> 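Handing you a structure now.
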Amino acid sequence: MRSKSLIEGKKIHQCILKSNARIDNVVVFEKLALFYVRCGEVKVARVVFDQVSSRNVILWNSIIRAYAWNGQYEKAIDLYYEMCDSGIRPNKFTFPFVLKACSGLKSLEDGVEIHERAKVEGLDCDVYVSTALLDFYVKCGCLSEAQVLFGKMMYKDVVSWNAMIAGSALHGLYEETMRLVFEMQETGNVPNSSTLVAILPAIGRTKALCQGKSVHCFRLRRAFDKETLIETALLDMYAKCDSLNYAKRVFDFVGIKNEVTWSAMIGAYVLAGCMKEALALFDKMQIEGVVTLTPATLGSVLRACAKLTDIGRGRCIHGNLIKSGICLDLTIGNSLLSMYSKSGNLDDAMNLFDEMNLKDVVSYSAIISGCVQNGNAEEALLMFQNMQLSGIDPDIATMVGILPACAHLAALQHGRCSHGQLTVRGFSSDISIGNALIDMYSKCGRVDFAKDVFYRMPKQDIISWNAMVAGYGMHGHGMEALTLFHYMLRKGLKPDSVSFICLLSACSHSGLVAEGKHWFCAMTRNFNIAPRMEHCICMVDLLGRGGFLGEATDFIEKMPFEPDVRIWGALLGACRIHRNIKLGEEVSKKIQNLGAEGTGNFVLLSNIYSAAGRWKDAAHIRLIQRNKGFKKSPGCSWIEVSGRIHAFIGGDRSHPQSAQIHEKLDELLVEMKKLGYHADGSFALQDVEEEEKERILLYHSEKLAIAFGILNLRPSDPIFVTKNLRVCGDCHSAIKLLSMITNRTIIVRDTSRFHHFALGACNCGDFW
DNA sequence: TTAGGGTTAG
């Protein structure tokens, strides 16, 4: 219909031109311009508009509106100023149109100037103008201006109410949003479809299921337009309130599903952890002919692929996107980036990252976290630097991502710098930031700083408590961990599944066997949390470390699920500590039958044999390990001095200060021998002469790092060393003596925990 | 109306 009239209109236009109608025949051209605007032919309308010599305000308004609705905001604003300059006074219709353009561009400066002009014209109190102003301030992030304006409005219609409600919802003020909805009804304004669509996301975000259900009932009692929109918003609200079943029911009843409806349902499955269902629905959507792939849909689908580590599927989607050319979208690029790194394919993520023309703060945060998650924390720190060099400012998520990199490297100076940086940026009151700081400081050896952060947090969540319990646990402060846990219960907080993992592991590192057993039972009995494999690992570790190897074995047999390699690994570790060769061999066989992963377990068994002087067996295990293609990663220890990390590998002489380090160690060896030290050859792992063993052991990486610390740190500074493997037994004995000889506190973080050495003792009680 | 990056344990 429209195109038919457009054709006819164009014919008339041609006739006018042919008839040589006088160009100043304003009325004809004005009508023609308006006609083109109505047909959506903005470009042609503008050509005609430019030909009109004397334009009235209606014509100006029409073309400004056309631009504003068409997304050509700059042109709308330019035209507005041109109109004012030409002496035409804007009227009450002009302002809403041009303000829409200002909102679109988030151009506060223009909007404020236009607001002033509206005041001059005495039109700022008009309901249309003031609602447009309100909407403009909301979208530019100035909620308080919007609230002031709203308060001053003499007359409010449903659109004004909706603008204020949507504004509050947009700014995350849930209570205020709901208060406005009630107030709106008290003043006789009935919520319409826009009201519902505005409040449902806010309800979802706060998981206010009851309110959500009330809205649903309200909607069922009345007829509304925008059916699909409301249904989709309801579906999403239920999903966000963790009510997958309701979401599914709403989805099934949606009459006309659009691509957003499908996307919302796919997202609902992903949120609920039902990744296979999400992918199945994605297939169904395409079979049913919905081919529009929005960034939102792809985001959810790629997340599902990552979770399932279905890299094949993810790659396939990536390939199709390249073929269809949609891949350029930044959001989709970021989703792909995250999919690759979360599924363990950091190289693919890096390649994609390099290829991306456009990168934003999310892209950088994704790659930074990707590096950390895949064990490359140094690269993460470099990426963080690059990001700032490219002029992109980190946000909360970036900082939450960079802190684990510092934690992983035990780079306290970097961590403290990051802490300073995020404080300057005003992020320090954020809960996630606080949680990441607690973890970082704990892992950098400063549980005292972690505690400080924890108690200064304006609000803690369950992760904060868990992180703090874990922090105490890894430092061997089991009693503090238990006390904090009790305090948490007294405050009425509900522990989650992870809380018990943190607590049990804390008990295990402090030898609190009875307490650990108590809380393991209480977990199911009093808190209705079913034990997972992770809890069982902690229990085997707790019992085994405590020397109750038989009980640990019984525990494994009684477990409700098949033990995996991690469970046996925990028992094998206990066999190593308590030198139980017989059980160690049995466990080792079980591990090999399971198709052992990693090298840790081979090393453990080999250590058990070496400790018993069974060199041939030890060598045999190392041979099997090698034949199976597992290489023992070399022991590496590092220490941060003046913000720089110095790393050492056993026997390494590449460090510039190597000569001094070796000299220092030789000197200390003499002192140590005076105190009765003799190298524990069982940790040398090689059947060589005793003297040679002594030399091998003396230059173990942790000893090198400590000697470096002694040489380069002030005597009052604690020496903090991190190791990529467990501390070796000989080093453990040696460091105890070193702490006495040098009268220094030495803290060593290994893969299992922190060892605090002082005055000749370690707080791990020699079990780790 | 949907959506991209982040924190706890093992």
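In what follows, chains carry the letters A, B, and so on, assigned in the order in which the sequence lines appear, proteins first and then strands, with residues in each chain numbered from 1. Keep in mind that this is a model prediction, so the values were computed, not measured.
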> If the condition is salt bridge (charged side-chain N to carboxylate O under 4.0 Å, His left out), which residues does A:Lys213 pass it with, not counting sequence neighbours?
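If we apply the salt bridge (charged side-chain N to carboxylate O under 4.0 Å, His left out) test to A:Lys213, skipping adjacent residues, there are no hits.
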> Students should find this one: the first and last nucleotides of DNA chain B, 5' to 3', lying under 4.0 Å from a heavy atom of chain A. What are they?
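Footprint of chain A along DNA chain B, 5' to 3': B:dT1 to B:dG10.
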> Identify, with sequence neighbours excluded, every residue that meets salt bridge (charged side-chain N to carboxylate O under 4.0 Å, His left out) alongside A:Asp452.
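Partners of A:Asp452 under the salt bridge (charged side-chain N to carboxylate O under 4.0 Å, His left out) test: A:Arg456.
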> Which residues, if any, of residues 359-375 of chain A bring a heavy atom under 4.0 Å of DNA chain B?
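By residue number: A:Asp360, A:Val361, A:Val362, A:Ser365, A:Ala366, A:Ser369, A:Gln373.
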> So what does A:Leu229 touch, heavy atoms closer than 4.0 Å: a base, only the sugar-phosphate, or nothing?
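Since a base atom lies under 4.0 Å of A:Leu229, the category is base.
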> Base, sugar-phosphate or nothing for A:Lys342? Non-hydrogen atoms, less than 4.0 Å.
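Result for A:Lys342 = sugar-phosphate.
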> Going by side-chain contact (heavy atoms from CB on, under 4.5 Å), name the residues that satisfy it together with A:Ala574, two or more places apart in sequence or in a different chain.
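In terms of side-chain contact (heavy atoms from CB on, under 4.5 Å), with neighbours along the sequence ignored, A:Ala574 is linked to A:Leu549.
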> Base, sugar-phosphate or nothing for A:Ser335? Non-hydrogen atoms, less than 4.0 Å.
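Since only primed, P, OP1 and OP2 atoms lie under 4.0 Å of A:Ser335, the category is sugar-phosphate.
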> Taking salt bridge (charged side-chain N to carboxylate O under 4.0 Å, His left out) as the definition, give me every residue that meets it alongside A:Arg315, ordered by chain and number, with sequence neighbours left out.
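Once residues adjacent in sequence are excluded, the partners of A:Arg315 under the salt bridge (charged side-chain N to carboxylate O under 4.0 Å, His left out) criterion are A:Asp348.
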> Just jot down the side-chain hydrogen bond (donor to acceptor under 3.5 Å, both in side chains) partners of A:Tyr472, sequence neighbours excluded, or say none.
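Scan of A:Tyr472 (side-chain hydrogen bond (donor to acceptor under 3.5 Å, both in side chains), adjacent residues dropped) gives none.
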> By the 4.0 Å heavy-atom rule, please label A:Val197 as base, sugar-phosphate, or nothing.
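Sugar-phosphate: the residue A:Val197, judged by heavy atoms under 4.0 Å, touches backbone atoms but no base.
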> Where along residues 430-443 of chain A does a heavy atom fall under 4.0 Å from DNA chain B?
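Heavy-atom contacts with DNA chain B come from A:Asp430, A:Ser432, A:Asn435, A:Asp439, A:Lys443.
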> Holding to side-chain hydrogen bond (donor to acceptor under 3.5 Å, both in side chains), I want the full list of residues that pass it with A:Ser193, two or more places apart in sequence or in another chain.
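side-chain hydrogen bond (donor to acceptor under 3.5 Å, both in side chains) list for A:Ser193, sorted by chain: A:Asp225.
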> With A:Lys517, which residues qualify under salt bridge (charged side-chain N to carboxylate O under 4.0 Å, His left out), at least two apart?
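Counting only residues at least two positions away or on another chain, A:Lys517 forms a salt bridge (charged side-chain N to carboxylate O under 4.0 Å, His left out) with A:Glu551.
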> Kindly say whether A:Phe224 contributes a backbone atom to a donor-acceptor pair with the side chain of A:Arg219 at under 3.5 angstrom?
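Such a contact is absent between A:Arg219 side chain and A:Phe224 backbone.
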> Distance only, no hydrogens: is a donor on one side chain within 3.5 Å (strictly under) of an acceptor on the other, for A:Ser508 and A:Asp541?
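Result is yes, a qualifying pair exists.
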> Please list, chain by chain and in numerical order, all residues satisfying side-chain hydrogen bond (donor to acceptor under 3.5 Å, both in side chains) with A:Asn374, sequence neighbours excluded.
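side-chain hydrogen bond (donor to acceptor under 3.5 Å, both in side chains) list for A:Asn374, sorted by chain: empty.
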> Select base, sugar-phosphate, or nothing to describe what A:Thr398 touches, counting heavy atoms under 4.0 Å on all strands.
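Base, at least one base atom sits under 4.0 Å.
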> Mind checking what makes side-chain hydrogen bond (donor to acceptor under 3.5 Å, both in side chains) contact with A:Glu379, not counting sequence neighbours?
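Partners of A:Glu379 by the side-chain hydrogen bond (donor to acceptor under 3.5 Å, both in side chains) criterion come out as none, since no residue qualifies.
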